[in-house]
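Order of the sequence lines fixes the chain letters, A, B, ..., with proteins taken first and strands second; residue numbering starts at 1 for each chain.
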2 protein chains.
Amino acid sequence: MATGRTHRPATRSRGIPEATVARLPLYLRALTALSERSVPTVSSEELAAAAGVNSAKLRKDFSYLGSYGTRGVGYDVEYLVYQISRELGLTQDWPVVIVGIGNLGAALANYGGFASRGFRVAALIDADPEMAGKQVAGIAVQHSDGLEKIIDENGVSIGVITTPPGVAQQVCDRLVAAGVTSILNFAPTVLSVPDGVDVRKVDLSIELQILAFHEQRKAGEEAEAQAGAAAVAQAAQEDNGKGPDGDVPAVMPA
Amino acid sequence: MATGRTHRPATRSRGIPEATVARLPLYLRALTALSERSVPTVSSEELAAAAGVNSAKLRKDFSYLGSYGTRGVGYDVEYLVYQISRELGLTQDWPVVIVGIGNLGAALANYGGFASRGFRVAALIDADPEMAGKQVAGIAVQHSDGLEKIIDENGVSIGVITTPPGVAQQVCDRLVAAGVTSILNFAPTVLSVPDGVDVRKVDLSIELQILAFHEQRKAGEEAEAQAGAAAVAQAAQEDNGKGPDGDVPAVMPA
DNA sequence: ATGTCTTTGTGAACGCGTGCACAAAGATGG
DNA sequence: CCATCTTTGTGCACGCGTTCACAAAGACAT
Ligand SMILES: NC(=O)c1ccc[n+]([C@@H]2O[C@H](COP(=O)([O-])OP(=O)(O)OC[C@H]3O[C@@H](n4cnc5c(N)ncnc54)[C@H](O)[C@@H]3O)[C@@H](O)[C@H]2O)c1
Ligand SMILES: NC(=O)c1ccc[n+]([C@@H]2O[C@H](COP(=O)([O-])OP(=O)(O)OC[C@H]3O[C@@H](n4cnc5c(N)ncnc54)[C@H](O)[C@@H]3O)[C@@H](O)[C@H]2O)c1
């Protein structure tokens with residue numbers, strides 16, 4: 001999971017579990033697709049399949065929002081779209097700033113999926129004087145000197161960090177000091193923030209490493225299965241060479 | 001967490017919990033930084049702080065890998081780097097293909113963080129004939145006609161999908177049919193894959209929506225606190241207007 | 001009005017992940 | 001060799017999330 005929130009102690013938000021909140025956008029996307037096809041109602045079973053989750057889980061998730069279904073029929077699509085949107089706070093517009101307009105920042109700025117759900121790119125900010133004034137995705141890049149002013153004037157509370165990792169923490173600090181209370185961080189850095197500020201991270205490298213782990217495991221199992229079938233007699237030795245600490249490391253501990 | 005793996009039933013990989021696996025890359029990053037500063041050993045407390053986790057959790061995580069620490073001293077940095085790398089399968093090179101070389105695909109191709117950890121961009125693939133032959137990040141984009149051949153010849157088992165959502169499933173199907181068993185999906189689509197194939201997704205839009213939820217909650221709490229202090233008498237009415245289903249929806253169910 | 005049939009909403013059981021707290025291990029100094 | 005001090009490794013308890021399974025609710029037909 002490319003995610004990681006920072007600190008949310010006893011105060012679980014009005015009883016809606018975090019795991020449920022994380023799935024609401026998934027339901028919303030599936031419901032929006034149904035809505036566009038003018039489907040009036042949908043059962044938990046159908047919607048769960050579309051969202052790729054268990055139907056019991058979906059029903060329990062919805063039960064935290066209230067009793068919005070009709071037994072024997074299902075859920076009213078339009079009504080649910082509205083309820084979930086409201087719950088997620090998407091009935092209002094959220095101005096967002098992107099800091100660090102390089103490869104990734106520019107790609108994000110060009111991404112149409114932002115605006116479609118109540119998020120509006122209020123400003124693009126970069127420290128490079130060469131970038132200032134340039135148009136990216138139809139928006140003029142502004143120099144980071146004016147960061148505080150930009151945040152303040154646009155009432156921005158959500159910031160996206162796509163700077164190099166080395167400066168991510170200081171950019172984060174400035175954003176927080178300027179009033180930003182939610183940060184989406186693409187830099188491979190552990191950000192520390194004061195209480196009350198949410199940080200989520202998207203880390204490509206971590207995702208790939210997790211995939212590699214499972215990939216290796218699959219390859220290993222395959223090899224084991226083959227070896228096991230071919231030469232059962234050597235099993236003891238094989239196992240010894242493959243155990244948790246069987247390999248001789250390149251570097252030994254002191 | 002912008003994540004979501006697909007199906008992993010009873011077979012928990014050699015007893016290493018999924019949550020632990022997801023943190024190993026985090027530890028590895030922190031350890032690599034220490035290694036570059038030639039720090040010989042590190043305590044669980046220090047390393048946990050650097051990785052942004054609880055020290056007990058870190059020790060428990062490491063205990064799944066084996067007893068690699070020394071009581072009273074801590075962990076040997078180089079040794080741990082090696083052990084975690086080996087566990088994650090990063091001691092071998094993983095050829096990766098990126099399919100869909102648009103804004104995002106190009107940004108990923110240009111990203112240096114790939115190669116640094118055993119991942120090698122083996123090929124860039126796009127369906128647009130205009131793209132074919134063009135150089136992106138020093139690699140020639142190839143047309144998707146040759147997808148199967150490319151996968152096969154390079155022994156690719158990890159694929160990254162950065163195509164528009166509408167074609168993501170069919171691209172996924174082709175990748176899987178060609179032999180890819182791990183997929184990192186950036187398209188906002190629920191991919192269905194056969195057993196034995198891992199899918200992880202990175203979904204920017206979901207991350208923002210989760211942030212918006214908490215942001216709204218913070219704003220609401222603030223408003224409630226103010227209102228509560230200012231006018232306790234109106235509390236009952238206020239509460240009624242703010243309850244789980246207090247708002248009148250734009251669309252009513254049938 | 002009554003019965004049937006579909007589907008929700010949820011009680012309950014279970015398993016996983018987290019964090020506390022501490023005994024054991026080993027380093028270090030005398 | 002012994003005492004002290006640091007830090008690991010883990011037993012244990014707790015809470016969250018998931019899933020099963022079913023009673024209750026309502027639609028719909030007769
Ligand atoms: N490109 C990817 O696919 C990718 C993938 C995963 C993670 N990342 C991470 O995302 C971040 C950005 O990646 P990128 O490839 O776009 O890098 P990049 O070098 O292309 O862009 C970084 C931008 O940040 C700007 N910048 C530097 N310091 C700044 C500051 N103090 N304030 C404001 N702006 C500043 C630079 O001028 C530059 O335009 C990096 O941390 C990278 O590790 C990128
Ligand atoms: N750009 C972002 O920041 C961003 C953020 C979140 C999600 N996404 C998602 O990532 C995906 C890519 O986004 P983008 O902005 O790069 O889009 P894009 O339109 O710039 O790029 C898509 C590329 O895919 C290629 N393509 C289309 N069909 C293909 C096929 N069948 N086989 C191979 N290639 C094909 C197109 O030729 C194009 O080059 C989209 O699904 C988008 O929703 C993008």
Close approaches to DNA chain C from residues 25-52 of chain B, in residue order (heavy atom, under 4.0 Å): none

Measure all distances between protein nitrogen or oxygen atoms and nitrogen or oxygen atoms of nucleotides 11-13 of chain D, and list the pairs falling under 3.5 Å.
residue, atom, partner, partner atom, Å
D/dG11, O6, B/Lys60, NZ, 3.2
D/dC12, N4, B/Lys60, NZ, 3.2

What nucleotide among D/dT18, D/dT8, C/dG19 has an atom nearest to a side-chain atom of B/Tyr75? D/dT8

Nucleotide of D/dG9, D/dA25, D/dT19 approaching B/Arg71 most closely (side-chain heavy atoms): D/dG9

Applying side-chain contact (heavy atoms from CB on, under 4.5 Å), can you list everything that pairs with A/Pro194, at least two apart in sequence or on another chain? A/Val176, A/Val197

Tell me, which pairs form a side chain to side chain donor-acceptor pair (under 3.5 Å) where one or both residues lie in residues 181-192 of chain B, sequence neighbours left out? A/Glu215-B/Thr181, A/Glu215-B/Ser182

For A/Tyr68 and A/Tyr79, I'd like to know if the aromatic rings sit close, meaning centre-to-centre distance below 6.0 Å. yes

Under 3.5 Å, which donor-acceptor pairs link side chains of residues 48-56 of chain A to any protein atom two or more places apart or in another chain?
residue, atom, partner, partner atom, Å
A/Asn54, OD1, A/Ala56, N, 2.7
A/Asn54, OD1, A/Lys57, N, 3.4

Among C/dC22, D/dT18, C/dA27, which nucleotide has an atom closest to any side-chain atom of B/Arg59? C/dC22

Who pairs with B/Val81 by side-chain contact (heavy atoms from CB on, under 4.5 Å), at least two apart in sequence or on another chain? B/Leu28, B/Leu31, B/Val77, B/Ser85

Under 4.0 Å between a side-chain N/O of B/Arg23 and OP1 or OP2 of C/dT18, yes or no? yes

Phosphate OP1/OP2 of C/dG17 contacted by B/Asn54 side-chain N/O (<4.0 Å): no

